[in-house]
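Structure record follows, encoded as structure tokens.
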Amino acid sequence: MIRTSIWEKRHFLPHYDVIIVGAGLIGLCSALELRSKSKSLKILVIDRASIPLGASTRNAGFACFGSPSEILADLKNHSFDHVCQLIKKRYDGWNLLLNLVGRDQLKYEPTGGYEVFRDSDEQSYAQCQAIIDPINDAIHNLLGIRLYQEWTKPLPQVNNFAHIIAAPHEGLIDPGSMMKKLLEMIGQSEIDFYGGLACEELVEQTNLMEVKTSRGKLTANQVILASNGFAQKLVPDSDITAVRNQILVTSPLKNCIQGAFHYDRGYYYFRNIGSRILIGGGRNIALEEETTNQFDITEKIRRNLQQFLKSHLIPTESYQIEYEWSGILGFGKSKIPQVKRKSSRLVMAAGMGGMGIAIGAAIAQDAAHEILC
Ligand SMILES: Cc1cc2nc3c(=O)[nH]c(=O)nc-3n(C[C@H](O)[C@H](O)[C@H](O)COP(=O)(O)OP(=O)(O)OC[C@H]3O[C@@H](n4cnc5c(N)ncnc54)[C@H](O)[C@@H]3O)c2cc1C
């Protein structure tokens, strides 16, 4: 066992007011929110990886609020008001993130979003059509915007879909640029950050919380657990499930889609990155295998996504897959991300699901508030 030196204890591993475990979007935004509320708090963020390794640096970069078929699915488990409040929270969170990080640093492109429906999705399309007006009216009352509109014009390079519903307020970001800026802001805010330091155990004592790591024991008055899909390892009684999503990115194309696209309750998503296509998801064909926290790529999903590309987006042009990766989502039992006080010294902010970008800064604000109240 490596023992801690007095110098390490004094300068690298002192007692903190708040330690945040996990430097994804939620962890970093929580730290910045705490700093904005108190100049004197001693705050540390740790991540098990040198570059945060979960969802925030590995997602698709959709700034989105819920596609109609996803909203329809949510309405099966939550009341209409609840679902509208969730959409509002995403929209509010997105505006917080825009203010915090800035449009340029997010590399925000206000492309608009679209949900596409195949011929075989006639029933789902009809059900989605039926919720456009009630959702638009309710969201207009809450936010002054109309979220969805039926779209009848053709979209370049989007083939073999029977119907399209547009979501004009959606857009695209560069998640790497967002995370780099947030880490830079952490450095400028007198918040300590150690990448490559995993929390192995949280041990609550009467007067402090111990955060056990491979480099020794850290202590804090309070901890925010922001490890999302990996939360259950440290809080075994939490209901967070790790779910993998895989992504492919093509070589540059002569003819490429433009914008943010959703298909089938958010199970498939695709966008352009310049003249490349990013496509991800497809886990509905392998739900059990994809319920994992392992960052693998599987042939089954790769083939499924490539088939989608061929049928709908790149029927004739030849291309290569130049990038492929996976990321890990955290799903709670409810669709609504959880900020839970687990004890007087532990707040858990997890279960961001597949739409954490827009809501993230709002959830981080709630986590910071929970620490300070
Ligand atoms: C492939 C993919 C595509 C997605 N696309 C979109 C999208 O287009 N739009 C959208 O809104 N959302 C999208 N999401 C979801 C979104 O990325 C997440 O909801 C959001 O990033 C969650 O942020 P987080 O900070 O809660 O978790 P994470 O970013 O997962 O951060 C958790 C961090 O905790 C660290 N950690 C874990 N265990 C420990 C430990 N024991 N000790 C220390 N550190 C630890 C991890 O290394 C990680 O950095 C996507 C997710 C994936 C995987």
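No hydrogens, no waters, no symmetry mates; every other heavy atom, side chains included, goes into these values. In this chain, numbering begins with 1 at the start of the sequence shown. Numbering of ligands and ligand atoms starts at 1, following listing order.
Close approach of ligand 1 to I328 (heavy-atom distance below 4.0 Å) involves ligand atoms 53 (C). Every atom of ligand 1 with a heavy atom of M355 under 4.0 Å away is listed here by number and element: 10 (C), 11 (O), 12 (N). Proximity to F230 (heavy-atom distance under 4.0 Å) selects the following atoms of ligand 1: 37 (C), 38 (N). For ligand 1, the atoms lying closer than 4.0 Å to a non-hydrogen atom of P52 are 49 (O). Those atoms of ligand 1 that come under 4.0 Å of a heavy atom in R58, given as number and element, are 1 (C), 2 (C). With ligand atoms numbered from 1 in the order given, ligand 1 contributes 53 (C) to contacts under 4.0 Å with heavy atoms of G327. Here is the list of ligand 1 atoms found below 4.0 Å of a heavy atom in M352: 19 (O), 22 (C), 26 (O).
When hydrogens are left out, the protein atom nearest atom 8 (O) of ligand 1 is F62 N, 2.9 Å; that is the closest non-hydrogen contact. For atom 49 (O) of ligand 1, the nearest protein heavy atom (residue, atom name, distance) is D47 OD2, 2.6 Å. Counting protein heavy atoms only, atom 18 (C) of ligand 1 is closest to A55 CB, 3.7 Å. When hydrogens are left out, the protein atom nearest atom 31 (O) of ligand 1 is G24 CA, 3.4 Å; that is the closest non-hydrogen contact. Atom 16 (C) of ligand 1 has G356 N, 3.9 Å as its closest protein atom, hydrogens excluded (heavy atom only). Protein heavy atom closest to atom 5 (N) of ligand 1, with residue, atom name and distance, is A60 N, 3.1 Å. Of all protein heavy atoms, the one closest to atom 13 (C) of ligand 1 is G354 O, 3.2 Å. Closest protein heavy atom to atom 51 (C) of ligand 1: L329 CD2, 3.0 Å.
For E8 (side chain) and S5 (main-chain N/O), a donor-acceptor pair under 3.5 Å exists by modelled atom type. Under the 3.5 Å distance criterion, the side-chain polar atoms of R35 are matched with a main-chain donor or acceptor of E190. In this structure a side-chain-to-backbone donor-acceptor pair under 3.5 Å is missing from S251 to Y319. The backbone N or O of S311 lies less than 3.5 Å from a partner atom in the side chain of N160, making a donor-acceptor pair.
Taking only non-hydrogen atoms, the option from S56, G351, G330 nearest to atom 20 (C) of ligand 1 is S56. Considering each of G22, C199, C64, the one bringing a non-hydrogen atom nearest atom 41 (N) of ligand 1 is C199. The option from L202, I46, N59 that lies nearest to atom 17 (O) of ligand 1, judged by heavy atoms, is N59. Compare L172, L25, N228, I173 by their heavy atoms: the one nearest to atom 22 (C) of ligand 1 is in N228.
Remark: F12 CZ is loosely packed, at most 12 non-hydrogen atoms of other residues, nucleotides or ligands lying under 6.0 Å away. For Q205, the CD atom sits in a packed shell: over 12 heavy atoms of surrounding residues, nucleotides or ligands are nearer than 6.0 Å. The environment of OH in Y323 is sparse: at most 12 heavy-atom neighbours from other residues, nucleotides or ligands sit within 6.0 Å. Within a 6.0 Å radius of CZ in R146, other residues, nucleotides and ligands contribute more than 12 heavy atoms. For K39, the NZ atom counts as densely surrounded, since its 6.0 Å shell holds more than 12 non-hydrogen atoms of other residues, nucleotides or ligands. Taking a 6.0 Å sphere around CD of E299, one finds it holds more than 12 heavy atoms contributed by other residues, nucleotides or ligands.
Distances between N or O atoms of L53 and those of ligand 1 include at least one value under 3.5 Å. Inclusion of G27 in the set of residues having an N or O under 3.5 Å from an N or O of ligand 1 is not warranted. The shortest N or O to N or O distance between I357 and ligand 1 is under 3.5 Å. Between R48 and ligand 1, at least one N/O pair is under 3.5 Å apart. The shortest N or O to N or O distance between I26 and ligand 1 is under 3.5 Å. Every N/O-N/O distance between V21 and ligand 1 stays at or above 3.5 Å. Remark: ligand 1 and G61 share an N or O pair separated by less than 3.5 Å (distance only, no angle test). Not a single N or O atom of L234, backbone or side chain, sits closer than 3.5 Å to an N or O atom of ligand 1.
A donor atom on one side chain and an acceptor atom on the other are found under 3.5 Å apart for D239 and Q338. With hydrogens and angles left out, the side-chain atoms of H163 and E150 include no donor and acceptor closer than 3.5 Å.
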Show which side-chain atoms of residues 356-373 pair as donor or acceptor with protein atoms under 3.5 Å away, not counting sequence neighbours.
| residue | atom | partner | partner atom | Å |
| --- | --- | --- | --- | --- |
| D366 | OD2 | K89 | NZ | 2.5 |
| E370 | OE2 | R341 | NE | 3.3 |

Give every donor-acceptor pair under 3.5 Å between a side-chain atom in residues 110-119 and any protein atom, sequence neighbours left out.
| residue | atom | partner | partner atom | Å |
| --- | --- | --- | --- | --- |
| E115 | OE1 | S67 | OG | 3.4 |
| E115 | OE1 | S69 | N | 2.9 |
| E115 | OE1 | S69 | OG | 3.4 |
| E115 | OE2 | S69 | OG | 2.5 |
| R118 | NE | H312 | NE2 | 2.9 |
| R118 | NH2 | H312 | NE2 | 3.2 |

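Proximity of G353 to ligand 1 is established by a heavy-atom distance of less than 4.0 Å. Residue G280 places no heavy atom under 4.0 Å from ligand 1. For Y269, the closest heavy-atom approach to ligand 1 falls below 4.0 Å. In this structure, G360 has no heavy atom closer than 4.0 Å to ligand 1.
With Y263 as the fixed residue, the ring pair (Phe, Tyr, Trp, His ring centres under 6.0 Å) test singles out one of F270, F308, Y125, Y269: F308.
Following chains of ILVMFWY side-chain contacts shorter than 4.5 Å, one cannot reach L32 starting from V21, and the two form parts of different hydrophobic clusters.
Ion pair E33/K37 flagged as a salt bridge, since at least one NZ, NE, NH1 or NH2 atom sits closer than 4.0 Å to an Asp/Glu carboxylate oxygen.
If you look at A226 next to ligand 1, the close heavy atoms, those under 4.0 Å, all belong to the backbone.
Ring pair H82/H78 is tilted by interplanar angle, where 30° to 60° counts as tilted.
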